[in-house]
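Take this structure first; my questions come after.
Letters go in sequence order (proteins before strands), and every chain restarts at 1.
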Amino acid sequence: MSEFSILLPSVLNGITTGALYALVALGLTLIYGVLHIINFAHGSLLMLALYGVYFLAAGFDIGPYQALVFMPAAMFAVGYVLQRFVIGKASHDRDENILLVTLGLSIVIENLALYFFRSDTRVVDTPWSFETVELLGAFLPLPKVIAFFGALATAAALWVLMTRTDLGKAIRAVAKERKGARLVGIDVDHVFAMSFGIGIACLGIAACLLMPSYYVTPQVGHGFVLIAFTIVVLGGMGSFVGALIGGLFIGVVESLGGLFLGESLGQIGIFAIFILILLFRPTGLLGHKV
Amino acid sequence: MKTLAILAVVFAALGVLPLFVVSDVWLNSLIAVLYAALLGQAWNILGGYGGQFSFGHAAFFGTGAYTVAVLQVQYGINPWIGLVAGAAAAGLVAAFVGALSFRYGLRGSYFALVTLAFAEVLRILSNSVPFTGAGVGILIPLDPGAENLQFAHKSGYFWMIWAMALAAFLAAWWLGHSRFGARLMALRDNEDAARALGVSALRIKLGGIVMSGVFSGLAGVFYAQHYLYLDPGLAYGPAISVESLLVPIVGGMGTLFGPLLGAAALHVLSEVTRDIFGDAPGISLAIYGALLIFIVMFLPHGLAGLGRISARRLIRARPA
Amino acid sequence: MILSVSGVSKSFGGLQAVRDASLDVEQGRIVSLIGPNGAGKTTLFALITGFHKPDAGRVVFNGEDVTGQAPERIARLGMVRTFQIVQPFAGQTVRDNIAVGAHLHRPARRDALRKAEEVARQVGLADRLDQDAASLTVAGRKRLEVAKALATDPKLILLDEVMAGLNPSEVRDVIPIIQAIRENGVTIVLIEHVMQAVMSLSEHTWVLNQGETIADGPPAELARDPVVIEAYLGHGMATRLAEEAPVA
Ligand SMILES: Nc1ncnc2c1ncn2[C@@H]1O[C@H](COP(=O)(O)OP(=O)(O)O)[C@@H](O)[C@H]1O
Ligand SMILES: [Mg+2]
């Protein structure tokens, strides 16, 4: 076997995984860009969404892709309420407080999940879970290919929302100048909660796209949270394009790292990138704002 | 001087308790509280006095724990030496993390994330390299005897953690009564103003993180010798980091007795939770998380702040 | 010359905040820096004390080139600044606030606390030593700002609008405090809008406009200098200067 024939599937696999990472990171970067807060509960909210998809499938026979009708809305509501009534009330003007509150939220969500759902690994089986698509001689799982295009479509939709709608304009106004926005009569708390809700709604979409090729346990969010942070700092806090490119890049790094260093050590590459970026370029490689 | 006297009385009282307490259950509770207080005071030195919130104190704790364990198991080095080496190694890791973070002016949420990432890197590394026993973990052979820093009776472990906690509390007391502490707190409250008055931000913060790391490492050494077993998730996992910050936040950040108050309160809470829910997984941590949110939202000065408020109310109420 | 600033410039993005500014301060004097809001006065202080690195130019303090050095090192050499927007260690007592400065050359806690009390007496904060710094009035905070800096035993102190926001009687109380500081051998550079203070305190004044030092001389002369008046002071200011001149 030539080098190429090992590398290519690995890279393509990394790109499809990376698109999902990007989707998770998009929500995080939107929240950061508008509210200037780091949502530590992002991973556990994704886990919650995955359970939502699982129970829709297990209880109501609603498949993951049909769940796309419900999940974004449900997660939006969760996000809106959390921001409006919990996170927004706790900051007392200190970044660290928000980080602590969202850390607290993640602990609560994760452990309640553990209490109610136990730590069993749950999957949703679909007839096409194991189908593959051949691309340039590499075989890619069909759900991952669908997820890849779903992630791109979501990113595009988000971009339209932010640039072409009144809500998007209000969000951008608040992101830039919250005092000024308040003065011209924008309900800043509402816009904050909307932005947070939209960021969390992205997790609802991500969960639907992810579930067919993945699984859910109460701890499943862990793996995503630092990866999402890495992508966000890599792409520049608050940058959509950065989150997309960063997500794909990290997906490939993880995939190649796993190939050369083995599954568990492979992740170190991601953390190394994370630490290096935070230390040397905290504004990110593509410091482009929402 | 007054706080030093109170500190002496509190630790003397804790010290004589085992003379009256015969039941192992109570002794275990005392050990658990002192252990959490040590962990919390270690975090408090950097987070409470220094204003630098770490989300990754497990990096220091785990280094202390693994150092004493690996030295014993792989190299047959006595754990008393391991204790010193563990604290020193934890201090070194802290110095490394601090040098990188503070050198580049990392603050607030960024510092929290970097410390978290360092802890995760160490967890993955200890999960992958053979001399830590990788994912299987490392088992310290049972061999009770003071010379092996292992004790057949619980009271031995009690004295061990008592002494370690006392050292940490004395260090925290010193912060309130020394130039170093004054500078550390000045940087916390206003970095620019402190620098204008000749305070070297980098050097003082480095001192703070090393001090903090050393005591966290000591807690790790205690953990290793007490349970005689470690694995990457226990030593470097997020639970330790969370407990480290939760204890002083609940008790009162930047106060000498906050970590002790917090440790006692959390212990009582976890016992009550266990009485109600049994050993169901998750529930006690879920309550910890809820408590963290509640404290940050409503009691930014923790339980110690609650005491201060009611004391002030009493004083105000009297002349009326 | 205890302080010599030559050709210092600084821009923030497109905005040139300080442009080729120069000034020389002789040991033991009180001098001042005036100019309209946004002229670059505070930025010049920040450049002198190491809070910003100059894009060009040199700062020499006490014979040593300190251009671009860290603020803490410059403070240790004996040059400290105060902040126009006061920067107390909120949540700490007035005593602890001043002690941070006093610790610069006093390692022992007891010595620093004693020095803090002494300085508090000097600036009129002696009765508020145990009060939380955040609970002080504006006038109290301005005094605390001076006290913290003074406690470091500086050779030169840069006071940034320590009289702004004070009422006339409060200003009258502060002026002798500043004079007393100089009498103890400390050189003083003031930024001030309160002309009464500039006229009665300083022996020499630099006028800064749009980042440039456009004129300098004794304040009373500057008040009559048509270039200064025409260029930027405006009529209102000129009349005030003329009225207040006799105070000097
Ligand atoms: N850190 C900074 N970043 C960007 N612009 C600044 C900064 N500091 C000052 N400026 C700008 O530089 C100019 C001079 O400000 P300043 O030195 O505060 O003036 P003054 O003290 O004379 O009122 C102003 O236009 C101000 O907005
Ligand atoms: Mg100014």
Side-chain angles (χ1 to χ4, degrees), chain B residues 1-4 44 47-51 102-105 170-208 252-256 258 300-302 304-305 308-309 311-312 315-316, chain C residues 45-46 48-52 69-93 95-113 115-116 132-134 141 144-145 147-154 157-158 160:
Chain B
M1 284 308 120
K2 211 177 66 193
T3 44
L4 189 60
N44 191 38
Y49 289 90
F102 300 140
R103 167 120 181 61
Y104 292 99
L170 282 174
W173 175 83
W174 176 75
L175 288 181
H177 297 82
S178 63
R179 169 159 86 172
F180 176 78
R183 288 178 159 177
L184 191 62
M185 288 185 272
L187 284 170
R188 170 195 67 192
D189 292 337
N190 195 325
E191 184 159 332
D192 276 346
R195 297 185 68 198
L197 300 176
V199 177
S200 161
L202 178 63
R203 205 178 311 159
I204 300 293
K205 285 188 200 168
L206 260 183
M253 268 185 286
T255 66
L256 176 58
H301 300 288
R308 220 175 303 149
I309 293 168
R312 219 177 293 148
I315 293 165
R316 227 183 290 144
Chain C
F45 268 20
I48 294 173
T49 50
F51 280 87
H52 290 311
Q69 298 214 354
E72 54 265 30
R73 191 179 132 65
I74 292 174
R76 244 172 277 144
L77 292 174
M79 179 158 66
V80 287
R81 70 175 288 197
T82 66
F83 291 89
Q84 178 181 355
I85 300 163
V86 292
Q87 308 280 356
F89 304 114
Q92 299 191 29
T93 62
R95 186 194 308 274
D96 286 344
N97 265 266
I98 306 175
V100 174
H103 267 311
L104 181 56
H105 299 298
R106 287 176 193 77
R109 187 73 187 149
R110 201 186 318 154
D111 297 344
L113 290 175
K115 174 74 178 179
D132 187 331
R141 287 178 200 205
L144 179 59
E145 205 53 34
K148 285 188 301 177
L150 198 56
T152 63
D153 290 327
I157 189 167
L158 300 141
D160 194 347

Report which part of C/Arg106 has an atom under 4.5 Å of a heavy atom belonging to chain B: side chain, backbone, both, or neither.
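Interface part for C/Arg106: backbone (N, CA, C, O).
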Report the C-alpha separation of B/Ser200 and C/Arg73 in whole Å, then their side-chain angles, then the decisive distance to 0.1 Å, and conclude whether the side-chain contact (heavy atoms from CB on, under 4.5 Å) test is met.
CA-CA 8 Å; B/Ser200 161; C/Arg73 191 179 132 65; over 6 Å; no
Rounded to the nearest 0.5 Å, what separation is found between the NZ atom of C/Lys148 and the CG atom of B/Asn190?
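C/Lys148 NZ to B/Asn190 CG: 6.5 Å, rounded to 0.5 Å.
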Rounded to the nearest 0.5 Å, how far does CZ of B/Arg179 lie from CG of C/Leu104?
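Answer rounded to 0.5 Å: 7.5 Å.
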Engaged part of C/Thr49 at the chain B interface, taking heavy atoms whose separation is under 4.5 Å
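It is neither, since no heavy atom gets under 4.5 Å.
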So, for C/Arg109 and B/Ser178, which heavy atoms are closest and what is the spacing to 0.1 Å?
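Shortest heavy-atom contact: CD-N, 4.0 Å.
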Checking B/Ala201 against chain C: side chain, backbone, both or neither under 4.5 Å from a heavy atom?
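Interface part for B/Ala201: backbone (N, CA, C, O).
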Given heavy-atom pairs under 4.5 angstrom as the criterion, report whether the side chain, backbone, both or neither of C/Ala112 touches chain B.
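No part of it gets close to chain B.
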Which atom of B/Ala196 lies closest to which atom of C/Phe83, heavy atoms considered:
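Heavy atoms only, the tightest pair is CB-CE1, 3.7 Å.
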Does one side chain, of B/Asp189 or C/Gln92, offer a donor that lies under 3.5 Å from an acceptor on the other?
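Yes, because at least one side-chain N or O of B/Asp189 sits under 3.5 Å from a partner of the opposite role on C/Gln92.
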Quick one: closest heavy-atom pair of C/Ala75 and B/Leu197, and the distance?
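Smallest interatomic distance, heavy atoms only, reads CB-C, 4.1 Å.
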Nearest heavy-atom neighbours spanning B/Arg195 and C/Pro71
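In terms of heavy atoms, the two residues are closest at NH2-CD, 3.2 Å.
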